Q: 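Got a structure for you, written out below as structure tokens; questions coming shortly.
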There are 2 protein chains.
Amino acid sequence: MTDLLTERDTWSMTNCPIARTLEIVGTRTALLILREAFLGTRRFDDFAKRVGVGEPAAAARLKELTAAGLLERVPYQEPGQRTRYAYQLTEKGRDFRPVLMALRQWGDTWATDERGPALVVRHKECGAPVRAELRCDDGHDVGYGDTVVDRGPGLIRTSPEGD
Amino acid sequence: MTDLLTERDTWSMTNCPIARTLEIVGTRTALLILREAFLGTRRFDDFAKRVGVGEPAAAARLKELTAAGLLERVPYQEPGQRTRYAYQLTEKGRDFRPVLMALRQWGDTWATDERGPALVVRHKECGAPVRAELRCDDGHDVGYGDTVVDRGPGLIRTSPEGD
DNA sequence: CAGCTGACTAATATTTTCAGAAGTCAGCTA
DNA sequence: TAGCTGACTTCTGAAAATATTAGTCAGCTG
């Protein structure tokens with residue numbers, strides 16, 4: 001079996017998981033809305049204000065993310081107020097956390113200003129900063145170049161080439 | 001000191017690292033071009049073809065990513081050919097790997113079709129699949145809810161509130 | 001030195017994203 | 001039941017991203 005990457009053009013990326021993910025969260029505002037959701041924002045107005053986006057854009061992204069199942073619209077009621085709806089992360093949305101952590105981490109490393117990072121995410125128990133890391137299922141740290149790309153069941157071949 | 005998240009509106013996200021990162025790679029095609037770079041693509045035409053994007057879009061993204069320092073344009077020469085330029089990842093670009101791994105992982109989990117994932121990334125040494133995980137600097141695994149958000153030096157307060 | 005090829009650039013059109021202002025709507029409060 | 005407020009929707013328009021097609025340009029080959 002030859003290396004998949006050397007025959008890159010014999011298979012297609014039409015079902016690429018990254019491309020599929022970006023169809024859902026591929027806009028700047030969608031990711032920033034998710035950022036706010038992870039920071040605890042729940043209400044429509046707060047999303048719009050804190051993300052720094054107009055209400056129409058906020059409404060569109062919230063609707064898309066809800067339709068995609070990353071957020072759910074749940075009723076809540078404050079005393080003396082009528083029933084309102086809050087957007088909160090589902091499991092599908094919470095599972096997006098590594099993406100945002102990795103983005104934050106990259107920005108802190110490569111796109112920060114002189115002042116340094118705005119926020120630090122720490123482990124609740126020990127107080128140490130949290131980072132996104134690559135590890136294999138056997139528990140080894142995986143550095144750059146320590147990986148092999150293998151075919152999965154969903155790989156689509158465009159030409160019936162070497163197996 | 002009160003929890004930062006309960007006083008979310010007393011500080012601003014104008015210097016948010018995620019927003020800054022998205023200013024560089026905030027388009028769908030930029031991320032897909034980086035995906036290809038990690039898969040080993042180096043040449044202009046291959047980027048355009050494999051990402052499935054028009055040449056102007058490919059040229060624009062490659063130029064932006066090069067200007068931002070994630071890619072570098074290096075000359076190369078195949079025998080009997082003239083000198084050409086290849087785009088390859090810099091350290092700044094390679095450091096983006098956790099983001100793409102996290103995106104891929106989310107897509108494999110939540111946006112795959114019946115066939116399953118197209119590719120599997122494995123640890124070269126042990127063959128086990130590789131995943132993006134959150135860990136603190138003391139080596140603990142960090143689950144959802146195991147984090148505290150703390151202020152960093154770059155935090156911008158919008159109102160001088162409780163310290 | 002004309003042809004060829006890879007690597008782009010230019011022009012045009014379409015679509016998507018987003019902002020800003022204003023309007024709608026539900027239902028609690030007075 | 002009129003007012004108020006949070007949560008949107010509608011409308012208009014600008015900006016950005018992308019597709020398509022058609023070039024340009026450098027420099028090795030013949």
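The structure displayed is predicted, hence computed values, not measured ones. Per chain, numbering begins at 1; letters A, B, ... match sequence-line order.
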Q: Can you list everything that forms a salt bridge (Lys or Arg N to Asp or Glu O under 4.0 Å) with Asp137(A)? Sequence neighbours excluded, please.
A: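 Per chain and number, Asp137(A) pairs via salt bridge (Lys or Arg N to Asp or Glu O under 4.0 Å) with Arg131(B).
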Q: Do any pairs count as a salt bridge (charged side-chain N to carboxylate O under 4.0 Å, His left out) and have a residue in residues 92-107 of chain B, sequence neighbours left out, and if so which ones?
A: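 For residues 92-107 of chain B, and leaving out neighbouring residues, the salt bridge (charged side-chain N to carboxylate O under 4.0 Å, His left out) pairs sorted by first residue read Arg104(B)-Asp108(B).
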Q: If you group Ile, Leu, Val, Met, Phe, Trp and Tyr by side-chain heavy-atom gaps below 4.5 Å, do Val121(A) and Trp110(A) land in one group?
A: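 No.
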Q: Could you identify which residues of residues 21-43 of chain B place a heavy atom less than 4.0 Å from some atom of DNA chain C, listed by residue number, or say none?
A: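 The answer is Arg43(B).
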Q: Who are the salt bridge (Lys or Arg N to Asp or Glu O under 4.0 Å) partners of Lys49(B), not counting sequence neighbours?
A: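 Lys49(B) satisfies salt bridge (Lys or Arg N to Asp or Glu O under 4.0 Å) with Asp9(A), Asp46(B) once adjacent residues are dropped.
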Q: Who are the ring-ring contact (aromatic ring centres under 6.0 Å, His included) partners of Phe96(A), not counting sequence neighbours?
A: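 Phe96(A) satisfies ring-ring contact (aromatic ring centres under 6.0 Å, His included) with Trp106(B) only.
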Q: List the residues meeting salt bridge (Lys or Arg N to Asp or Glu O under 4.0 Å) with Arg82(B), not counting sequence neighbours, and say none if there are none.
A: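 Salt bridge (Lys or Arg N to Asp or Glu O under 4.0 Å) check on Arg82(B) returns nothing, list empty.
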Q: If you look only at pairs with a residue in residues 17-30 of chain A, which of them pass as a salt bridge (charged side-chain N to carboxylate O under 4.0 Å, His left out), with sequence neighbours excluded?
A: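 Residue pairs with at least one partner in residues 17-30 of chain A: Arg20(A)-Asp113(B).
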Q: Apply side chain to side chain contact (heavy atoms under 4.5 Å, CB included) to Val148(A) and list each qualifying residue two or more places apart in sequence or on a separate chain.
A: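 Here the qualifying residues are Lys124(B).
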Q: Compare side-chain N and O positions of Tyr76(B) against OP1 and OP2 of dA7(C) and report whether any pair is under 4.0 Å apart.
A: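 Yes, within the criterion.
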Q: Does any residue of residues 60-72 of chain A have a heavy atom under 4.0 Å from DNA chain D, and if so, which ones, in number order?
A: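 Within this stretch, Lys63(A) sit under 4.0 Å of the strand.
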Q: What is the separation between atom CZ on Arg84(B) and atom C1' on dG6(C), rounded to the nearest whole Å?
A: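 From Arg84(B) CZ to dG6(C) C1': 4 Å.
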Q: Can you pull the side chain to side chain donor-acceptor pair (under 3.5 Å) pairs that have at least one residue in residues 51-64 of chain A, sequence neighbours excluded?
A: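 Qualifying pairs, neighbours excluded: Thr29(A)-Arg61(A), Arg61(A)-Glu64(A).
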Q: Where along nucleotides 22-30 of chain D does protein come under 4.0 Å, by heavy atom, of base (B) or sugar-phosphate alone (S), with - for untouched nucleotides?
A: B---BSSS-
Q: Nearest nucleotide by nearest heavy atom, which residue falls closer to the 5' end of DNA chain C, Val53(A) or Ala59(B)?
A: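 By nearest-heavy-atom nucleotide position, the 5'-most residue is Ala59(B).
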Q: Of Asp46(B) and Gly54(A), whose nearest nucleotide on DNA chain C comes first from the 5' end?
A: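 Comparing both residues, the 5'-ward one is Asp46(B).
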Q: Distance-only criterion, 3.5 Å: show the donor-acceptor pairs between side-chain atoms of residues 32-40 of chain A and protein atoms not counting sequence neighbours.
A:
unit_1: Arg35(A); atom_1: NH2; unit_2: Arg50(A); atom_2: O; d: 3.4
unit_1: Glu36(A); atom_1: OE1; unit_2: Thr41(A); atom_2: OG1; d: 2.9
unit_1: Glu36(A); atom_1: OE1; unit_2: Arg8(B); atom_2: NE; d: 3.1
unit_1: Glu36(A); atom_1: OE2; unit_2: Arg8(B); atom_2: NE; d: 3.4
unit_1: Glu36(A); atom_1: OE2; unit_2: Arg8(B); atom_2: NH2; d: 2.6

Q: Under 4.0 Å between a side-chain nitrogen and a carboxylate oxygen: does that hold for Asp146(A) and Arg122(B)?
A: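 Result for this pair is no, no salt bridge flagged.
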Q: Measuring to OP1 and OP2 of dG6(D), would you say a side-chain N or O of Tyr87(A) lies under 4.0 angstrom away?
A: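 No.
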